Amino acid sequence: MNPFLSTSKRSTGEEGQYSTDELRLANRNSGLLLELLDSDITPIGAHYLLNHFDVPLLDSSAHQLRFKGAFKNPHTIGMQEIQSLPSKTMPVTLECAGNGRSGVSPRSQSMPWMYEAVGTSEWTGTPLLPLIEKAEPTADVIELAFIGADRGFDNGIDHHFGRSLTLQQINELDVLLAYGMNGQPLLPQHGSPLRIIVPGWYGMASVKWLSSISALTTAFDGHQQIGTYHLKQSESDSGVPIQDMRVKSLIKPPGVPDWSSRKRCVSAGSVVLSGRAWSGNGRQIVRVEVGIEDSWYEAELSPPIGQYGWSTWTYSWDAQPGEHSICCRATDNEDNQQPLDAPWDIAGFANNAVHRVDVFVPNN
Ligand SMILES: Nc1nc2c(c(=O)[nH]1)N[C@H]1C(S)=C(S)[C@@H](COP(=O)(O)O)O[C@H]1N2
Ligand SMILES: [Mo]
């Protein structure tokens, strides 16, 4: 099949074995090593990656951000000027909307994430809103489109990665124009030299390698905005745009692993289980329960690291010899709770089902 034709479509409805295409994507887009859930801030280089196309290598001393379209004051600014504006550093938990796709069956042909497409970095940049105000959108502007320097094809459509936000969303979302990550310049694969960070939303909104911001008087029709990132029950469903992250939590796998199966071997006795929990749009985690066999136990919660960062949970478990299936389930302050089974979506988006870990406790 020629993927560069407008009639081409990626396949949906995969079951069983992964295809070579999926393996290739999995090798390009690394995930968080779950043991690093111990760290409040994901170490640089260990943050998950999701790159649709090739990483563009941009020269940060020459890079320009263009404000174009329906602005009264369209203009271009360079990195030096952006870095001289008031700076702000904030921890933000970012999760890919495709995280958990491999737990949804049948799945669509895309990045086969399990649980690891999440991380928390301290992003440094300047708030976006004052720059938009300075460019002065005309009265009829309804959306701003953020366009990256990367380009490629998807479903036969040639495009630069781009996403839009309404003016109202920009007013409400604390969007950061970011050039730093954990105190260092952005790495090439994370959008160097400039990206946006949209706190509380799934990662697709946080456009990397940002090259222009367009003020639009009609809705943005870019492929990444209208051709994907919608929750859909079936092919004919027009879908609901994916925005804020669903409530979710992960367990730091306890004990030591078997190399290939990743099953865990834990010594009998008292074991501190721990992990992280987060939700979208600034919602706070109010409860995490640990499920062991058929019972739920209340975990202890620590405050989140900032309004948009994850919370830590711990639970002291008295491990008895045998095989155990352990999971964790978070609830946020709007009473959203993680489901036990994967919610259905045709592209496997936004699967926030509980994280399960198989543990073996040997007889001493
Ligand atoms: N320009 C551009 N921005 C992008 C993407 C991309 O492919 N190109 N991927 C998006 C997606 S789907 C996610 S989940 C996040 C991942 O950010 P990270 O790779 O820095 O973790 O970037 C988003 N921004
Ligand atoms: Mo993503």
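Note that the structure is a prediction, hence the values are computed from the model and not measured. Atoms considered below: every heavy atom in the structure, side chains included; atoms not considered: hydrogens, waters and symmetry mates. One-based numbering, in listed order, for ligands and for the atoms of each.
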Taking everything shown except Q168 itself, do over 12 heavy atoms lie less than 6.0 Å from its CD?
-> no
Heavy-atom nearest pair, A70 first then V141, reads O-CG2, 3.2 Å
Plane angle bin for H52 and Y229 - parallel if under 30°, tilted between 30 and 60°, otherwise perpendicular | perpendicular
H355 and Y115 aromatic ring geometry - parallel, tilted or perpendicular at 30°/60° bounds | tilted
Expected contact list for ligand 1 at under 4.0 angstrom, heavy-atom basis, is H47, Y48, L49, L50, N51, H52, C96, D150, F161, H190, R195, G203, M204, S206, V207, K208, W209, Y229
Can you measure from CD (Q64) to CZ (F67) and round to the nearest 0.5 angstrom?
-> 11.5 Å
Inspect the contact between R276 and D40 and indicate whether a charged nitrogen and a carboxylate oxygen are less than 4.0 angstrom apart.
-> yes
